[in-house]
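One structure below.
So you know, we letter chains A, B, ... as the sequences are listed, proteins then strands, and number each from 1.
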Amino acid sequence: MSNTDSPVSRGGMKAWLEGHADLLQSFQTKAGATLEERLDKSLAFYKVLHQHGIAQRGWPESVGGIGGDALDRAELYDAFTATGYDMPEQVAALEVLAPALVKFAPEIAARHLPEILSGEAIWCQGFSEPEAGSDLASLRATATRDGDSWVISGQKVWTSLAHRAKWCAVLARTGERGSRHRGLTLFWVDLSSPGVTVRPLDSLTGEPEFSEIFLDEVRVGSDSVIGEVDSGWAVAMYLLQYERGMWAWQRQARMHAMLEDFIDNGSGPLDEHADAFGQAFTALAALRMRSGQSVARLSNDEVLGPEVSVDKIMLSAAEQLVNDTIVQAKPNAFAFGGDDSDDAMRSEWFYSRAASIYGGAVEIQKGILADRVLKLPREAS
Amino acid sequence: MNAEVRSAIRDLIGSVDGPLDRQELDDWGWLELYEEDQEIAVSALFDELGKAGRPSNALDMLLAESVYPDVEEPIAFLHPFANSLTSGTLDGDSVEADGILLKGAENSKLFAVTVADGETSRNVLISSEPSSALTTVSGNDPQSEYLHFATAGTSVVRESNFSSTYVAIARRALAMELLGIATSMLEIASEHVTSREQFGRPLGTNQSVRHRLADTHVAIESARSAFEFSWSAPEEDFEMVSALCKSLASTAYQVATKHCLQVTGGMGFTNEFPLGALVRRGSILDALYGDTRTISKEIGNKIIRNNIVRLSSK
């Protein structure tokens, strides 16, 4: 850690980034950067932030952090996009997986968290399968015990950044066929293991962000189990709070920057779009207030429960509305434009269509609210 | 403390027929509670009034505390018609007033009027014998017994030091009341679809019905989060946050109206069923100090000129 930096107190993150603008100059957002360029930049950015004790903020010392909590991490993520940096690509999986590792597999966390915080690694989440999207509990990847190891076979899909990830949290079936959520275990898998094949998907965004992962008798040690055998569902439920709560915070940080940039640089007067921008900002501000409250509760070790489905639904609505509003203010650029910034606008718009699908489709979220919050009668089959 | 306060307020509401007036609230001790904890006082009172669909002039009481805290006499606030934030014009010392009074205001002799002042507005007190200037507003909710007050050539008795932030205070309180209304509507609809059966099963087993009510819950919780956030918002963000509160609550009310009327079908469509009264009551709260469309335009114009602010809590 750099000796020239004194600790940053809570509330001081934005000022720190602004004060170190020269040091971090090369990491500023550049229009037209490809996914690979952004990934390289994200890793290099975190390397420098780690050298200055910033990347470690909000993680326990026992796992390579410098203390603090989810609110400190949230402050950092917000500060990134408020000072001209893209949200680093690896922090999405970091926030989804690391809290669960800290809680259920502290040894794995201690061994691996330093690497991702110092920009040496990317992680990914291997949950969905071609036949198990919304119905995750029906997943078919198997993990069979073989002495002191487990042998994993199956196929995962829609795995973000798997093509560059070192490690993957793979949810596999250790119980009998038909055991649904009761027979699942979460494993920490080295993607450089024999038997692993990663194949990028050709999604609507035009970037190879998502991949399929083929696991052909991949061998992992018994120390790669996260939590207990057959209790993977409980780990997944814990992790979903971060996937739905903290991710919403990270996305609002990105969208505020998008709106800020658009209003600053958007070509032409926006008066005729005032109503639309007012609505978009209202949805975005509501998301910020709500997800900020959820993150505060996470930092208090509170369980968010089924109410976090509200956050996920608000996220998908806000993200789609912000993107629709921007695109509808520049219809020529969207439909006919050929600049890098036009490509980026289109890619963002398509990505926003996935906001209501990933992490539990909104149809599922509404079902959760109907069952567990409103306590309505169960859906007829 | 919150649960006890709410229970006591529900008892008060239950013990009185018709609109609650300022005297009843004052006797109950609401002003003392407000002095002790503004957040609990405002959220409990306006939420429970909304849930019960009960009119009152609690809003005037709250505004008087904020704008004219040292005036003992009851003040009736002249509220603007929809699509306006002023209820009068000022020419020298002479006020021409035209706006809406809440039931209970007829007991006042002092009226607080919001007049335009260049780009902003300010609030002034006028003195008037009300009976000559009052007519009843029936409109969409005769039960609220609103009054229309119009007068001209009255002198300003007193100016407030307050800026248009009093609008922000009004918006936040009205947002809470609208949320109470929407919450009651959702409870009624949920109960209905749980008990009412067709095709041999409750209406609520149908996915479209469940999803409509889930959407209503999301709209309500979205607004509730903003309301809770508002109490820790720094001073400079309060005007924006309270506009967001009203806008989100207005949306929650409109979404609740749409879905709850739909899923309660023919039964919900009668005056006997409790939903219609809440729809009517909510509509006039929606019309005060800006509904979602009005505020969206206001916020939109602000952000395209000044860029956006990332809201923070203190």
Looking at A/Pro377, A/Gly278, A/Ala274, A/Ala280, which one has more heavy-atom pairs under 4.5 Å with chain B than the rest?
A/Pro377
Region of A/Ala253 that comes under 4.5 Å of a non-hydrogen atom in chain B
both
Identify the heavy atoms of A/Leu376 and B/Thr194 that sit nearest to each other, and give their distance.
CD2-OG1, 4.1 Å
Under the side-chain hydrogen bond (donor to acceptor under 3.5 Å, both in side chains) test, which residues partner B/His259, sequence neighbours left out?
B/Arg212
Is it the case that atom NZ in B/Lys258 sees more than 12 heavy atoms from other parts of the structure closer than 6.0 Å?
no
Considering non-hydrogen atoms only, spot the tightest contact between A/Thr282 and B/Leu248 and give its length.
CG2-CD2, 3.7 Å
Enclosure of B/Phe81 CZ (heavy-atom neighbours >12, cutoff 6.0 Å)
yes
Look up atom CG in A/Leu374 and atom OG1 in B/Thr216, then write down how far apart they are to the nearest 0.5 Å.
8.5 Å
Is it the backbone or the side chain of B/Glu187 that comes under 4.5 Å from a heavy atom of chain A, or both, or neither?
neither
Scored by heavy-atom pairs under 4.5 Å with chain B, the best of A/Ala82, A/Ala283, A/Ala296 is A/Ala82
Sort B/Arg310 into side chain, backbone, both or neither according to what part of it lies under 4.5 angstrom from a heavy atom of chain A.
both
Where on A/Thr81 is there a heavy atom nearer than 4.5 Å to chain B: the side chain, the backbone, both, or neither?
both
Taken in chain and number order and not counting sequence neighbours, the residues that satisfy side-chain hydrogen bond (donor to acceptor under 3.5 Å, both in side chains) with A/Tyr77 are A/Glu95
Side chain, backbone, both or neither: which part of B/Arg305 has a non-hydrogen atom closer than 4.5 Å to chain A?
side chain
Counting only heavy atoms from other residues, nucleotides and ligands, does the tally under 6.0 Å from CD of B/Glu4 exceed 12?
no
Taking side chain as everything from C-beta outward and backbone as N, CA, C, O, which of these in A/Ala318 sits under 4.5 Å from a heavy atom of chain B? Side chain, backbone, both or neither.
neither
Among A/Asp275, A/Leu369, A/Val310, residue most engaged with chain B (heavy-atom pairs, under 4.5 Å)
A/Asp275
Would a distance-only check, ignoring hydrogens and angles, find a side-chain to backbone donor-acceptor pair under 3.5 Å from A/Gln293 to B/Ser225?
yes
Where does A/Arg290 contact chain B at under 4.5 Å (heavy atoms): side chain, backbone, both or neither?
both
Checking A/Asp311 against chain B: side chain, backbone, both or neither under 4.5 Å from a heavy atom?
neither
Passes side-chain contact (heavy atoms from CB on, under 4.5 Å), A/Glu363 versus B/His211? Steps please.
CA-CA 8 Å; A/Glu363 286 73 15; B/His211 284 198; 4.0 Å; yes
Heavy-atom pair count under 4.5 Å with chain B, highest-scoring of A/Lys375, A/Arg288, A/Arg378:
A/Arg288
Could you report the tightest heavy-atom contact between B/Ala226 and A/Met289, atom names first, then the distance?
CB-CE, 3.5 Å
Sequence neighbours excluded, which residues qualify as ring pair (Phe, Tyr, Trp, His ring centres under 6.0 Å) partners of B/His192?
B/Phe273
Inter-chain contacts: residues 292-303 of chain B against chain A, heavy atoms under 4.5 Å:
B/Arg293, B/Ser296, B/Lys297, B/Ile299, B/Gly300, B/Asn301, B/Ile303
So which part of A/Val362 gets closer than 4.5 Å to some heavy atom of chain B, the side chain, the backbone, both or neither?
neither
Do other residues, nucleotides or ligands put more than 12 heavy atoms under 6.0 Å from the CZ atom of A/Arg353?
yes
Heavy-atom closest pair (B/Ser222 atom, A/Met314 atom, distance to 0.1 Å) is OG-CE, 3.2 Å
Between the side chains of B/His217 and A/Glu307, is a donor N or O closer than 3.5 angstrom to an acceptor N or O?
yes
What is the minimum heavy-atom distance between A/Gly367 and B/Arg210, and which atoms define it?
O-NH2, 3.6 Å
May I ask you to name which of B/Thr205, B/Asp215, B/Leu203, B/Leu311 has the most heavy-atom pairs under 4.5 Å with chain A?
B/Thr205
